[in-house]
Amino acid sequence: MDRDPHVCVMGEDVGHYGGSYKVTKGLADKFGDLRVLDTPICENAFTGMGIGAAMTGLRPVIEGMNMGFLLLAFNQISNNCGMLHYTSGGQFTIPVVIRGPGGVGRQLGAEHSQRLESYFQSIPGIQMVACSTPYNAKGLMKAAIRSENPVILFEHVLLYNLKEKIPDEEYICNLEEAEMVRPGEHITILTYSRMRHHVMQAAKTLVNKGYDPEVIDIRSLKPFDLYTIGNSVKKTHRVLIVEECMRTGGIGASLTAAINENFHDYLDAPVMCLSSQDVPTPYAGTLEEWTVVQPAQIVTAVEQLCQ
Amino acid sequence: MALSRLSLRSNRFLRPSTTAAALPSSIRRRVSTDTTPITIETAVPFESHLCDAPSRAVETSSAEILSFFRDMARMRRMEIAADSLYKSKLIRGFCHLYDGQEALAVGMEAAITRKDAIITSYRDHCTFLGRGGELVDAFSELMGRKRGCSNGKGGSMHFYKKDACFYGGHGIVGAQIPLGCGLAFAQKYSKEEFVTFTLYGDGAANQGQLFEALNIAALWDLPAILVCENNHYGMGTATWRSAKSPAYFKRGDYVPGLKVDGMDALAVKQACKFAKEHALKNGPIVLEMDTYRYHGHSMSDPGSTYRTRDEVSGVRQVRDPIERVRKLLLSHDIATEKELKDMEKEVRKEVDDAVAQAKESPVPEPSELFTNMYVKDCGVESFGADRKELKVTLT
């Protein structure tokens, strides 16, 4: 926001309140009410407003207080955000960033634990990225703001408290690139967002058991970084996808199809995909735990694939 | 003098407040560039809500009224040509025609500049023309040719002209209203003194997005003018069947409103001028334009199942915007019958030439399927989740 006066933030309680997860804390004091706009509760209207402003050259960062609320703005995101660059023959660019926390939290209930990656992935014209660490959160956010394309940045409710030492100097991450978290030889584990941390936990157990998993945080949900993924598949010949999205029609389902189509010859075993169950997230803590993939399940899956 | 008074009295729609009805012939011939101000009074009074209505005396000039005639004739001719192109299957899909509503487009343009923004719905052909769009670009886009204003990739519902601040062209009813607030927000952000006209129909007036947008615009004093083009039918549903309160200009509640005779280009001009001044000083205002469309909702709608043919022809006889301006021009001796007929012939030729040119124009190349998906940034090639082409081939 310092660098470019066209960047502005809009969303519910982003200004004076500082953001429901304190992501925008302090910005309103520094930049004023017009650049950090507290909107009324009208997702459809303020998302549309951000897109309209972007058509003139502003670069809004639109926050959905919880990703699930953006379902109310689906029409604006799909028809206007994604399609306007195309249907206007390239006249208008929509450099918005739509961001917000999503994913399964700690007993927040079904409506506040939604994963919208799967709903948005078919929209032509948008890019989707998911951050998972403080380092890539900052880098991806900067890249998303600077990108001329509309980017949806998926954050996770439970990852806001992560602490990490990050460089003082300026850096941006490549929006379309996956991150090699842990190189290995036996199996490729593809993951993103919170599941990366579950995978890394499982990796410790796996290493003790003698396996050498290669862990890749795909980061870019649309388009997939098939270059990095492909190189990895060529090396290990086995793929496990671990995601928090739903089993039906999730990111994992698309990724499985993409890998099978492009790298079929390199696979020694079918692609396995561990995703959340196709249920609304229950409130009870134990049930909620079983909805998402846990490290123990990851270990079992790897053992199964590597037989 | 007596003869002209007689013709004036018989025409109850025109009550010019100046007495210089017949100009000497030496001045008459130079009419098309004559910009001496004339004041005409509108036939129908404005109705207002929470504001003082503007005066009914509209400042205009011969040149302007003549330009209204020419522009409206061009728009009318374009829509009729589009009708026959659709019937000969050169235009496919949806085609929503604006004939009958031309006064809105020309009246608005007369009141504003090309730096003020306009955004409208799918009935956008004439608005595009009003913003300076070329006939050949419009026809090419309708026929899906490369020459079209959106490179053939938008179609009838997606006309845009960025350099004239015309933001389209939107297919989903009411979705352009929040976009319009965004345009107004950006205008306020940049602190330039321009306004945004957000057009929507009587059907869209029942969308929740409108009320969300009214709240936002009023809360932040955005220079947004929300214009309801009330042509009395939301596709096949008349307003009395779809709206509990058909006073669309009052729906703003805390936002002032004005009801305007949308078939009178001068009244539209006056209202838009008033609205622009209001929006720059006091924030949003709602304009309801009482207008009518002769065609059905789109080309697939005959337009006669929900209204009688008598109704349509009645409006055409009594309220047609082009006839109105024609009578004005004749009664003020700004032009003769023959001159106007010649003008219409010229316009017809213009349109026919444009159609012929557009027909010759090539279709987009197959590679255009993937262009303009993303802006080329960091070398992104857009092929969706299952990319068929990799950035680098694996060895």
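Each chain gets a letter, A, B and so on, in the order its sequence line appears, and its residues count up from 1. In what follows, every heavy atom counts, from backbone to side chain, and hydrogens, waters and symmetry copies are set aside.
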Within a strict 4.5 Å, meaning less than it, do heavy atoms of the [X] and [Y] side chains meet?
X      : Y      : value
B:K153 : A:T87  : no
B:H170 : A:L84  : yes
A:M10  : B:F185 : yes

Indicate the atoms forming the closest heavy-atom contact of [X] with [Y], along with that distance.
X      : Y      : answer
B:K162 : A:Q91  : N-OE1, 2.8 Å
A:F92  : B:F166 : CZ-O, 3.8 Å
A:G90  : B:N372 : CA-ND2, 3.5 Å
B:Y189 : A:P5   : OH-O, 2.7 Å
A:P40  : B:L219 : CG-CD2, 4.0 Å

If you count the non-hydrogen atoms of other residues, nucleotides and ligands that lie under 6.0 Å from [atom1] in [X], is the total more than 12?
X      : atom1 : answer
B:M235 : CE    : no
A:Y171 : OH    : yes
B:F94  : CZ    : no

Donor-acceptor pair, [X] side chain versus [Y] backbone, under 3.5 Å?
X      : Y      : answer
A:Y86  : B:L369 : yes
A:Q76  : B:P178 : no
B:Q209 : A:A45  : no

Who among B:A213, B:A184, B:A175 has the most heavy-atom pairs with chain A under 4.5 Å? B:A175

Rounded to the nearest 0.5 Å, how far does [atom2] of [Y] lie from [atom1] of [X]?
X      : Y      : atom1 : atom2 : value
A:M49  : B:L183 : CE    : CG    : 10.5 Å
B:E212 : A:L72  : CD    : CG    : 8.0 Å
A:Q127 : B:Y374 : CD    : OH    : 5.5 Å
A:L37  : B:I216 : CG    : CD1   : 8.0 Å
B:F194 : A:T56  : CZ    : OG1   : 12.5 Å

Quick one: which of [options] has the most heavy-atom pairs under 4.5 Å with chain B, could you say?
options                    : answer
A:T47, A:D33, A:I41, A:N44 : A:N44
A:T93, A:I259, A:I126      : A:I126
A:A54, A:G50, A:A53        : A:A53

Heavy-atom proximity to chain A below 4.5 Å, by part of [X]:
X      : result
B:L210 : neither
B:I172 : side chain
B:T371 : backbone
B:E368 : backbone

Residue part contacting chain B, namely of [X], when any heavy atom lies under 4.5 Å:
X      : value
A:N260 : neither
A:T39  : both
A:I51  : both
A:M83  : neither

